[in-house]
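So the structure is just underneath, and the comments pick up after that.
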Amino acid sequence: MFPLLTPARTRGFLRATAAAVTLSSVLLTTGCGASDRAGGDAEAATAAPAGFPVTIDNCGMRTTYDKPPSRVVTIHQHPAELLLALGLKDRLVGTAFPDSAVLPELKRDYEAIPELAEREPSFEKILDAGPDFVYGGYGSAFAENEGRSRKAFADAGIDTYLNREYCGEKRVTMKDTYDEIRTIGTVFGVPDRADELVADLEGRVGKAAAAVEGEPEVSVFVYDSGDKSAFTAGGKSLGTELIRLAGGENVFADLDDVFGDVSWEQVVERKPEVIAIYDYAGAGSVKDKKEFLLSQPALADVPAVRNKRFVVLPLTATLVGIRSAYAVEDLARGLHPESFR
């Protein structure tokens with residue numbers, strides 16, 4: 001049996017807390033690059049890099065960067081993967097809180113980064129790594145009650161950035177993923193790499209969506225965790241859009257939140273044809289989750305349970321980051337296997 005308070009519930013609570021922060025749209029303002037003044041090598045050496053300074057509004061905090069960050073700590077896995085995908089491995093000096101298996105093509109680089117903690121590291125532990133930039137994946141990255149507020153980092157002379165999914169309470173879409181990548185590309189002075197990465201991910205999504213175009217929608221229940229009730233993805237989650245793009249429909253798309261609890265009676269009533277299981281550390285293994293679902297008499301007549309139709313998604317694949325595009329194909333193959341034969 002799974003505990004009622006899982007890391008996912010903590011994740012959901014922290015996102016709801018973050019909703020109290022006013023969501024600012026990302027504003028990118030760039031100044032001139034190299035100095036226009038005639039001068040010697042000394043003046044050229046002190047000139048701002050091309051495209052800088054740049055000002056970013058992120059979750060109500062405005063930061064001006066005179067140059068790209070050079071020593072970065074990421075809290076949570078998906079920010080680290082995004083930076084690695086942009087070819088910024090040499091700037092990472094620490095990461096923390098791995099959720100899922102890392103993408104194979106990023107595994108070697110990810111494992112070369114010092115792991116500061118299995119969960120969120122302390123403020124002091126982060127300072128020990130000597131970062132000039134901290135990039136958080138969940139709202140808990142900058143938990144004030146644990147001494148890691150963004151103000152505390154600012155007071156220490158360290159810039160911070162929070163994944164836009166946790167900026168406020170709104171529906172999260174693939175556009176948020178693409179905007180996140182482009183914003184981070186701007187902060188780090190690699191906008192061309194960001195555009196290339198976005199184009200690649202858009203291509204992946206487009207190919208998967210085209211493969212299932214015209215197929216009847218398959219009803220999907222997302223099972224994150226829970227026993228007395230089910231913790232699931234609601235209508236504001238990126239997961240709902242991933243399911244739609246893959247030719248399915250989230251049976252709890254009417255849940256007005258990113259994540260929330262629903263009763264097992266509601267699951268039975270909505271008769272999902274497929275169950276998408278979110279896989280991540282600390283919430284029970286996929287094997288345990290399947291055994292739990294299959295062992296419940298009340299769920300025996302649910303089509304997905306009766307036919308043992310499960311699709312497993314790493315949690316990191318359902319977040320604003322590079323993995324979401326991969327998730328669309330994985331879901332599409334699970335919902336419409338005949339389209340990929």
Side-chain angles (χ1 to χ4, degrees), residues 6 8-9 11-12 15-16 19 78 100 165-166 169-177 204-206 208-226 229-280 283 286 289-290 292-293 296 299 301-321 323-337 339:
T6 68
R9 283 170 168 71
R11 191 172 69 242
R15 189 187 191 283
H78 48 302
S100 315
E165 185 170 356
Y166 285 81
E169 191 172 346
K170 70 181 187 67
R171 182 170 175 264
V172 184
T173 70
M174 284 300 294
K175 183 179 183 299
D176 290 296
T177 288
R204 287 178 181 272
V205 172
V212 299
E213 187 175 1
E215 295 291 339
E217 287 186 340
V218 176
S219 58
V220 180
F221 161 58
V222 172
Y223 181 48
D224 181 295
S225 56
S229 60
F231 194 59
T232 191
K236 291 183 177 177
S237 70
L238 181 58
T240 292
E241 173 149 307
L242 301 182
I243 291 169
R244 179 186 64 78
L245 290 168
E249 179 184 15
N250 180 1
V251 296
F252 287 105
D254 60 339
L255 179 64
D256 190 30
D257 208 339
V258 175
F259 285 95
D261 287 294
V262 296
S263 70
W264 291 111
E265 288 78 13
Q266 288 175 291
V267 176
V268 172
E269 289 171 1
R270 301 194 182 196
K271 300 181 175 63
E273 299 167 84
V274 172
I275 296 177
I277 297 176
Y278 282 5
D279 180 26
Y280 60 100
V286 170
K289 289 180 178 181
K290 286 182 179 180
F292 172 77
L293 294 168
Q296 302 304 302
L299 301 178
D301 289 330
V302 171
V305 174
R306 185 175 64 243
N307 298 320
K308 298 182 180 179
R309 289 195 67 187
F310 302 107
V311 178
V312 178
L313 293 177
L315 178 65
T316 47
T318 69
L319 305 171
V320 171
R323 300 284 286 274
S324 50
Y326 293 74
V328 174
E329 180 179 353
D330 291 340
L331 274 168
R333 288 181 180 276
L335 303 186
H336 299 283
S339 296

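Only this structure's heavy atoms are used, side chains among them; waters, hydrogens and symmetry mates stay out.
- In terms of heavy-atom proximity, Gly226 sits nearest to Phe292 at O-CE2, 3.7 Å.
- Between Pro303 and Arg309 there is no side-chain heavy-atom pair separated by less than 4.5 Å.
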Take Arg270 and Asp254 through the side chain to side chain contact (heavy atoms under 4.5 Å, CB included) test and state the conclusion after the steps. CA-CA 12 Å; Arg270 301 194 182 196; Asp254 60 339; 2.8 Å; yes
With side chain to side chain contact (heavy atoms under 4.5 Å, CB included) as the criterion, how do Glu165 and Leu319 come out once you've worked through the C-alpha distance, each side chain's angles and the decisive distance to 0.1 Å? CA-CA 8 Å; Glu165 185 170 356; Leu319 305 171; 4.0 Å; yes
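- Here the CD1-NZ distance, from Ile277 to Lys289, works out to 7.0 Å after rounding to the nearest 0.5 Å.
- At distances below 3.5 Å, not a single donor-acceptor pair connects side-chain atoms of Ser229 with backbone N or O atoms of Asp261.
- Minimum interatomic distance between Ser324 and Gly321 (heavy atoms only, all atoms of both residues): OG-O, 3.1 Å.
- In this structure, a donor-acceptor pair under 3.5 Å is absent between the side chains of Ser219 and Glu249.
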Assess the residue pair His336 and Val218 against the criterion (side chain to side chain contact (heavy atoms under 4.5 Å, CB included)); give the C-alpha distance rounded to whole Å, side-chain angles, the decisive distance to 0.1 Å, and a yes or no. CA-CA 8 Å; His336 299 283; Val218 176; 3.6 Å; yes
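- Taking each heavy atom of Ser237 and Val258 in turn, the nearest pair found is CB-O, 3.3 Å.
- Scanning all heavy atoms of the two residues, the minimum distance from Ala317 to Ala327 falls at O-CB, 3.4 Å.
- With contacts defined as side-chain heavy-atom distances shorter than 4.5 Å, the pair Met174/Val205 qualifies.
- Side-chain contact check for Leu293 versus Trp264: some heavy-atom pair is nearer than 4.5 Å.
- Within the 4.5 Å cutoff, side-chain heavy atoms of Val305 are placed close to those of Ile275.
- Scanning all heavy atoms of the two residues, the minimum distance from Leu335 to Gly247 falls at CD1-C, 4.1 Å.
- A 4.5 Å side-chain heavy-atom check between Asp301 and Val268 finds every atom pair outside the cut-off.
- Residues Leu255 and Thr232 are in side-chain contact: their nearest non-hydrogen atoms beyond the backbone lie under 4.5 Å apart.
- Rounded to the nearest 0.5 angstrom, Phe310 CZ and Lys290 NZ are separated by 6.5 Å.
- Within the 4.5 Å cutoff, the side chain of Gln266 has no heavy atoms near those of the Val251 side chain.
- With rounding to the nearest 0.5 angstrom, the CD atom of Glu269 is 6.5 Å from the OG atom of Ser263.
- The shortest non-hydrogen separation linking Ser225 to Tyr280 is OG-OH, 4.0 Å.
- How far OH of Tyr278 is from OH of Tyr223: 14.0 Å, rounded to the nearest 0.5 Å.
- For Phe231 and Phe259, the ring centers are positioned less than 6.0 Å apart.
- Of the candidates Asn250, Val267, Val222, Val267 is the only one forming a side-chain contact (heavy atoms from CB on, under 4.5 Å) with Pro272.
- Salt bridge status for Arg171 with Glu241: present, with a side-chain N to carboxylate O gap under 4.0 Å.
- The side-chain heavy atoms of Leu238 and Asp176, taken from C-beta on, include no pair separated by under 4.5 Å.
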